[in-house]
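Since the structure comes first, as structure tokens, the remarks are kept for the end.
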Amino acid sequence: MDFIIITNNPRVRDEYGAKYCVLYQECSFDEILYAVRDKIHKGHKLLTHPLSGSVKPNETPYKSIMISAERGAMDNDSVILIEDAINMATSGKFEKYRQRQATLNQRILADFQMIDFFLITSGIESAQTGLMV
Amino acid sequence: MKTLELGYIHINDIIIGSESKVENGVLYVDEAAVKALVLEDEFLKDVHFDVAKPGESTRITPVKDVIEPRVKVEGPGGVFPGMVNKVEAVGEGKTNVLKGMAVVTAGKIVGFQEGVIDMSGPGADYTPFSKTINFVMVCEPADSLLATDPEATLPIDNEKKPEYERAVRMAGLKVAAYLGELAKNVTPDETEVFSTPNLKEGMELYPDLPRVVYVAMLQTQGLLHDTYVYGVDAKRTLSTMMWPTEIMDGAIVSGNCVSACDKNPTYIHENNPVVHELFKQHGKTINFVGVIITNENVYLADKQRSSDWAAKLCELLGVDGAIVTQEGFGNPDTDLIMNTKKIELKGVKTAIVTDEYAGQDGKSQSLADADPLADAVVTGGNANQVIILPKMDKVIGMLDYVDVIAGGHAGSLREDGTIEAEIQVITSATNEMGFNKLSAR
Amino acid sequence: MVKEIERTGLPVVHMCTVTPISLTVGANRIIPTIAIPHPLGNPALDHEEEKKLRRHLVDKAIHAFTVDVTEQTVFED
Amino acid sequence: MSFKVVHYINQFFANIGGEEMAHVAPELRDGLVGPGLALNNAWKGEAEIVKTIVCGDSYFAEHEKEAKEQILAWVKEINPDFFIAGPAFNAGRYGYACANVAIAVQEMGIPVLTGMYQENPGADYKNQVLIVATKDSAAGMRQAAPTMAKLALKIMKGEKLGASCEDGYMPNGIRVNFFEKERGAKRAVDMLIKKLADKPFVTEYPMPSFDRVEPGKAIKDMSKATIALCTSGGIVPKGNPDHIESSSASHYGEYSIEGVMDLTEEGWETAHGGYDPIYANQDADRVLPVDVMRDLEKEGVIGKLHNLFYTTVGNGTAVASAKAFAAEYAQKLVAAGVDGVIMTST
């Protein structure tokens, strides 16, 4: 399955950037969800769950999401999943984390990058063994 | 017929000293011996042991896993198969259990590591592990795991955290198995027998009872979000079936360290409350057919496959009803709804267990996914509820990062030592296997 | 939102790209549309063609008003 | 000192009469009347009904504005610590009156409580005002009065509200934690056993509403019909004069298209943050088909295009906040004589 990773995680960019198609942008957690949503509207299919990981939205500033490289007719399931995720992430209940992000030190940031990195890695492993979705 | 007898040995006290034995309800632990066992692992440099008892002014944090010591007395295999014993199938014969106590692994794996167990005070009401006598072990990483860059702010090299997580996970299981072994020849205070007929026997024994299966969803998203079954990382498995008693012998162990309130520690797998409640009704109101385990991967095609398989197994077994439980927040909600919907569409009635993230004010939508077919839901409560945890006289582990644990927010560790946080920081507070009485409406 | 309007007794035709969402929000007369960023248009067409496409969709909506429905109905071509 | 309470009841419970006396206008009486006795007794002096307002159900239904004004004026003057209405059981208009009066009093900053049967139309307001669930007839007074009295006193004392099932109010969308008698696994097994036996069971978390509304009747003659346009695609006049937010909309827009034949790039745009706005900004007819509707109007296919349109933002599934707006502008559409609505979504 050919895929694109949309991420704001520098570790994913550094480790996978040369190997896979990685679209890195320096932005917020929410903005990654929006970027993925716009791609889905253009016909890309969502391949990993946008709320992967038990770390809450904006508790971690990092998010990597995998979408199909191929574009087809817009996938309704992908639209619904990304919209539900956006609703959840922007509902206000994780707002406290957003304010906290500025206070996170390098050590914590590196840990959040690592968690996100391993979550997307498990997605890559699945994508490489399953040819069709 | 698959039959397992659990022998409960009630533990009233734990004494750390120079000898290991279980005598008159007291567990004596030879500190040097347990330490040597833990330090067999090249990735661990040191370990500290402590005991926390119910009612004490003690806080344990950050908690990684909680494990109940058990030992096979009769029957094939050993506890935690594929992890500390051979992969041989377990779940029959006799198993002794050290009841009323738990092994708790604590220590920082990542900077935002979470999990609080208060042995007294308001927080104690929310965690089941305030009621057990806890043998706590805090593991220190070996020098080889430490960051070499003198500029680094990290105590552990980022690349080596997976090794450290594995080392701490294994240390907990090894110690639990070691302590369990001490009770191998002790006569239990109490015994309980669990028998599961095979499909044919069950149909013959209880022709008129509705047949019920338990679908246990396991957290399998990646590092710190993993679950192991007979030593296999469950994210690389298809949905499959088990005897309920295999779980009681530790066939499922937790490698999940994130989201303290709704992760399923190994202890809760061993004492899976749904399995126990189904056994109580087995042969009376229902015929408990067995357990389906399925995973919660991040890759959407995996979700589709796994939920298709869970529903297909229900169909193949021809069951009438299913209990579905999940583990975690967000991503697993999607698996939960997919499983429930697909199982219902096979004509099998479901009841499901979850928890909620409804915001501190309780007004937000609780789950990331929903479906009208999920019409029988049990909730473990709203994880966003705010709680004030008073200062404790003693802290086992470390407190410095309480600021950054989930649900805590900037300034959550106050100067007077109290913590203002959401109950999601408390180990197993909103457990999604229905271990607790906490609920919400 | 569709439901809140229809609750007053007014018939509502919902023109929506993601039909499953339309079904979820309880619309009773549903016309599937082109794409999320341009439900009633297609920027790839020239202006006249695009308006013709839009007219076709709105004609379907007008037709939907005249049909008595008893359950959620998706008006396909 | 005890808390001062004002009680609202209808003509029937004031012993004035049944349906034949439902026309009576609001009346203020000293002390308690009828069911107030049971409440007062339950409070054991900690709170007391100082005045009772009696109003006929038909009167309230037909003169809601005047009735409310009069009632609010009295309440303002009395300035009680608490306002309690009903219980209305299954009496539809009484329940409607109780809920609406209570909401109005609540807006004055006075805590309120009412009670009724769950299928009473007034129970539709359960998310706006605290409503105790009662039986469907006045025979349920014996249970209802102590539950209402207890909850009222709790609120008067400023105590924290328990979960709906603990305190007896209808679930109001606010999730409250509490400890059950049995653990979750047992509750799940018990629930499944009931479900398997086709016996009634109550879910602890009702899925967000998937309720359905009866389809509106077909329009016989489109050539005489007034059709209104509404959109969740956030189309607004250029410059977004009302500052409709791009997400989590806090208000809706109402704009005139009087004389507008086509939504041009110069005049209109989208305020929606939920999709790539470039196409809608180029030509807003792609979201709100004003140009085509005008053609249909000219050709006589439809009678008239309504001169106002309503716009909100928020993607298809974020219906919660948009719901209240839609309910509000739906009333305006009905009042304006609109016959049918086209809602477009992105």
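No experiment lies behind these values; they were computed from the predicted model shown. Residue numbering restarts at 1 for every chain, and letters A, B, ... go by the order of the sequence lines.
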Could you check whether any side-chain heavy atom of [X] comes within less than 4.5 Å of a side-chain heavy atom of [Y], counting everything from C-beta outward?
X	Y	value
B:Lys161	A:Met114	yes
A:Ser54	B:Gln219	yes
A:Met66	B:Tyr299	yes
B:Leu224	A:Phe118	no

State whether a side-chain donor-acceptor pair under 3.5 Å links B:Asn331 with A:Ser52.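 Absent: no donor and acceptor within the cut-off.
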No-hydrogen, no-angle side-chain donor-acceptor test under 3.5 Å, A:Ser126 and B:Arg236: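 A pair is found: one side chain offers a donor N or O, the other an acceptor, under 3.5 Å apart.
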Among A:Gly123, A:Ala85, A:Ser78, which residue forms the greatest number of heavy-atom pairs with chain B at distances under 4.5 Å?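 Of A:Gly123, A:Ala85, A:Ser78, A:Gly123 has the most heavy-atom pairs under 4.5 Å with chain B.
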Taking side chain as everything from C-beta outward and backbone as N, CA, C, O, which of these in [X] sits under 4.5 Å from a heavy atom of chain A? Side chain, backbone, both or neither.
X	result
B:Lys303	side chain
B:Pro332	neither
B:Ala358	backbone

Passing option when A:His49 is tested against B:Asn297, B:Asp302, B:Thr334 for side-chain hydrogen bond (donor to acceptor under 3.5 Å, both in side chains):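 Among B:Asn297, B:Asp302, B:Thr334, the one meeting side-chain hydrogen bond (donor to acceptor under 3.5 Å, both in side chains) with A:His49 is B:Thr334.
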For the student: nearest non-hydrogen atoms of A:Lys56 and B:Ser259, plus distance: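 Scanning both residues, the minimum pair turns out to be NZ-OG, 3.1 Å.
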Non-hydrogen atoms of chain B under 4.5 Å away: do they reach the side chain of A:Ile120, the backbone, both or neither?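 Neither part; nothing is under 4.5 Å.
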How many angstroms lie between atom [atom1] of [X] and atom [atom2] of [Y], to the nearest 0.5 angstrom?
X	Y	atom1	atom2	answer
B:Phe329	A:Glu59	CZ	CD	10.0 Å
A:Leu81	B:Asp369	CG	CG	7.0 Å
B:Ser364	A:Asn87	OG	CG	10.5 Å

Using a 6.0 Å cut-off, check whether atom NZ of B:Lys342 has over 12 heavy atoms from anything other than its own residue.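 More than 12 heavy atoms, drawn from other residues, nucleotides or ligands, come within 6.0 Å of this atom.
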Greater than 12 external heavy atoms within 6.0 Å of B:Lys341's NZ: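 Counting other residues, nucleotides and ligands, NZ of B:Lys341 stays at 12 neighbours or fewer.
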Keeping the roles fixed (side chain from A:Ser122, backbone from B:Gln221), state whether a donor-acceptor pair exists under 3.5 Å.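 A pair under 3.5 Å: yes.
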Exactly one of A:Leu46, A:Asp77, A:Thr48 should register a side-chain contact (heavy atoms from CB on, under 4.5 Å) with B:Leu300. Which one does?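 Among A:Leu46, A:Asp77, A:Thr48, the one meeting side-chain contact (heavy atoms from CB on, under 4.5 Å) with B:Leu300 is A:Leu46.
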